[in-house]
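Some notes on the structure that comes next.
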There are 2 protein chains.
Amino acid sequence: MKSSSKFAVAIHILVGLAVVYFRKPQQSVSSENIAWSVNTNPVVIRRILGLLKKAELVKTITGASGGTQIGKNPEDITLFDIYNAVEERTVFHSPYRTPNAECPIGANISTAIAGPLQKAEQALENALSKVTLNEITKNILEQIANKQGD
Amino acid sequence: MKSSSKFAVAIHILVGLAVVYFRKPQQSVSSENIAWSVNTNPVVIRRILGLLKKAELVKTITGASGGTQIGKNPEDITLFDIYNAVEERTVFHSPYRTPNAECPIGANISTAIAGPLQKAEQALENALSKVTLNEITKNILEQIANKQGD
DNA sequence: TTTTTCTGAAACCAAGTTAGTTACAGTATA
DNA sequence: TATACTGTAACTAACTTGGTTTCAGAAAAA
C-alpha cells in the first residue's frame with residue numbers, strides 16, 4: 001500500500017489556516033507562505049488547495065494581496081472531510097487484474113470480498129469523522145504554548 | 001492513496017487453498033495453478049506466497065509434486081492476518097517531507113495528528129480482524145453452488 | 001541415478017504515480 | 001500601470017509496481 005502525502009499536507013495547510021482564522025478571521029495566506037511552513041513548492045500547495053476548494057474547505061482570493069482563507073468553522077471540518085477532499089481512491093481499490101472467469105473462484109472472489117472491505121473502510125471513515133480540525137488545532141496551539149513556557 | 005493489488009491477490013490465493021483444503025486436506029497446489037486462477041504470472045504468486053509463508057498462513061513444499069497448502073484452519077485466519085502479512089506500510093504513512101521546523105505549526109503537526117490517524121487505522125484493522133477466511137470461502141462456495149443450480 | 005517438476009530468488013523492464021519545478025496567462029489591488 | 005497573487009499546463013526525476021526471464025536448489029518419480 002502506497003500512500004500519498006496529500007492528506008498529511010492538507011491537514012497541515014488547514015491547521016495553519018485555522019490558526020490564522022482564530023487570530024484574524026479576514027486574513028488570507030499566500031501559497032508561498034504555506035509552502036514555507038510545509039517545506040515544499042508553492043505549486044504543490046496550490047494543487048492541494050484546488051482540491052480543498054472544490055470541497056469548500058477553503059476559499060481563495062485571486063489578485064494582489066489575495067490568498068487563501070479557511071472555508072468554514074474549524075469545528076465543522078472533520079479529518080474525514082479532508083481525507084475525502086484529497087484522496088480520490090478507496091483504501092483497498094486495486095488495479096487488480098481481473099481474475100480468471102473460467103475459474104469458479106476467480107469468477108466469484110470479487111463480490112465475496114467487496115462487503116467486508118467496504119465495512120472496514122467504513123470503520124476507518126467513521127473514526128476520521130470523529131476528529132475535528134478544531135481539536136487538532138487546539139492541540140497544536142497548546143503544544144506551542146507549553147514549549148514557550150519552558 | 002494508491003493501493004497495491006497484493007492484498008486482493010493474497011485473499012484470492014488463500015480462498016483457493018481453503019477450498020482445496022476442505023476437499024482434500026493434504027493436497028498441495030502449484031504456483032502455476034494458482035496463477036491461472038488469479039490470471040497472472042507464477043512468479044508474482046510465489047512472491048506473495050513468500051510473504052504469506054513468513055506469517056505462517058501457508059506452508060510450501062519444494063520439489064516435484066510440491067506446492068502450497070494452507071497453513072492453519074481457515075477459521076483461524078482473519079482478513080487482518082492477511083492484510084498484515086502482505087501490506088508493509090500503514091495506510092497513512094507518507095513519505096511526507098519533514099515540515100519546516102522553524103514554523104511552530106510545522107514543528108508540532110506530526111505529533112498532533114499521529115494519535116487520531118492511529119486510531120482510525122486501528123478501527124480499520126479491527127473491522128478486518130472480524131472477518132475470517134472461512135466466512136469468505138463459504139460465501140464463495142455458496143455462490144458457486146447457486147449458479148450450478150440455475 | 002537421471003529426469004522431471006516444483007520453489008526461491010535475482011535481475012530486469014515497462015508502465016504508472018508522485019512531488020517538485022518552470023513558465024505563463026489571468027485577476028485584482030494599490 | 002506595476003505588482004502580487006492564483007490557476008494551470010508541461011515537464012522531469014525518483015520511486016513503486018506487476019510482469020517476465022532465468023537459473024539454482026530440492027524432492028519426487030521414472
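Numbers restart at 1 for each chain; the letters A, B, ... are given by sequence-line order, proteins then strands. Predicted, not measured: the structure shown is a model, and the values here were computed from it.
- The aromatic rings of B:F7 and A:F92 sit tilted, their planes meeting at an angle between 30° and 60°.
- The backbone N or O of A:T78 lies less than 3.5 Å from a partner atom in the side chain of A:D81, making a donor-acceptor pair.
- Phosphate proximity of D:dC5 to A:S30: absent, as no side-chain N or O sits under 4.0 Å from OP1 or OP2.
- By the 6.0 Å contact criterion, NZ on A:K147 is enclosed, its count of non-hydrogen atoms from other residues, nucleotides or ligands being greater than 12.
- Taking atom CD1 on B:I13 and atom P on C:dT7, their separation rounds to 12 Å, with Å as the unit.
- Screening A:L141, A:L14, A:I77, A:V131 for a side chain to side chain contact (heavy atoms under 4.5 Å, CB included) with A:I136, the sole residue that qualifies is A:V131.
- Here the nucleotide nearest the side chain of B:K6, chosen from D:dT21, D:dG18, D:dA9, is D:dG18.
- Listed in residue order, the members of residues 51-67 of chain B having a heavy atom less than 4.0 Å from DNA chain C are B:K53, B:T60, B:I61, B:T62, B:G63, B:A64, B:G67.
- Summarising the geometry, the separation between CG on A:N39 and C1' on C:dG20 is reported as 12 Å, rounded to the nearest angstrom.
- At the phosphate of D:dG18, OP1 or OP2 sits under 4.0 Å from a side-chain N or O atom of B:S5.
- In this structure, the helix from C:dT1-D:dA30 to C:dA30-D:dT1 shows an angle of 0° between the axis at its start and the axis at its end, each fitted on 5 base pairs and rounded to 10°.
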Run the numbers on B:K6 and B:E88 for salt bridge (charged side-chain N to carboxylate O under 4.0 Å, His left out), then give the verdict.
CA-CA 11 Å; B:K6 272 189 291 187; B:E88 55 286 344; 3.4 Å; yes
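- Along DNA chain C, the nucleotide closest to B:T68 and the one closest to A:T40 are compared, and the more 5′ of them pairs with B:T68.
- With rounding to whole Å, B:I45 atom CD1 is found 11 Å from C:dT7 atom P.
- Within the 3.5 Å criterion, the main-chain N or O of A:Y21 finds no donor-acceptor partner in the side chain of A:Q27.
- Listed by first and then second residue, the side-chain hydrogen bond (donor to acceptor under 3.5 Å, both in side chains) pairs involving residues 132-145 of chain A are A:E75-A:N134, A:T132-A:E135, A:N139-A:Q143, A:Q143-B:T111 (not counting sequence neighbours).
- To the nearest 0.5 angstrom, B:I109 atom CD1 is 8.0 Å from A:S37 atom OG.
- Here the C1' atom of nucleotide D:dC5 and the CD1 atom of A:I34 are 12 Å apart, to the nearest Å.
- Rounded to whole Å, atom P of C:dT21 lies 11 Å from atom CZ of A:R47.
- Atom CG of A:L49 and atom C1' of D:dG7 are 11 Å apart (whole Å).
- Summarising the geometry, the separation between CZ on A:R46 and C1' on D:dA9 is reported as 12 Å, rounded to the nearest angstrom.
- Remark: the B:N126 side chain and the B:S129 side chain contain no N/O donor-acceptor pair separated by less than 3.5 Å.
- Whole-Å rounding puts the A:N41 CG to D:dC11 C1' distance at 13 Å.
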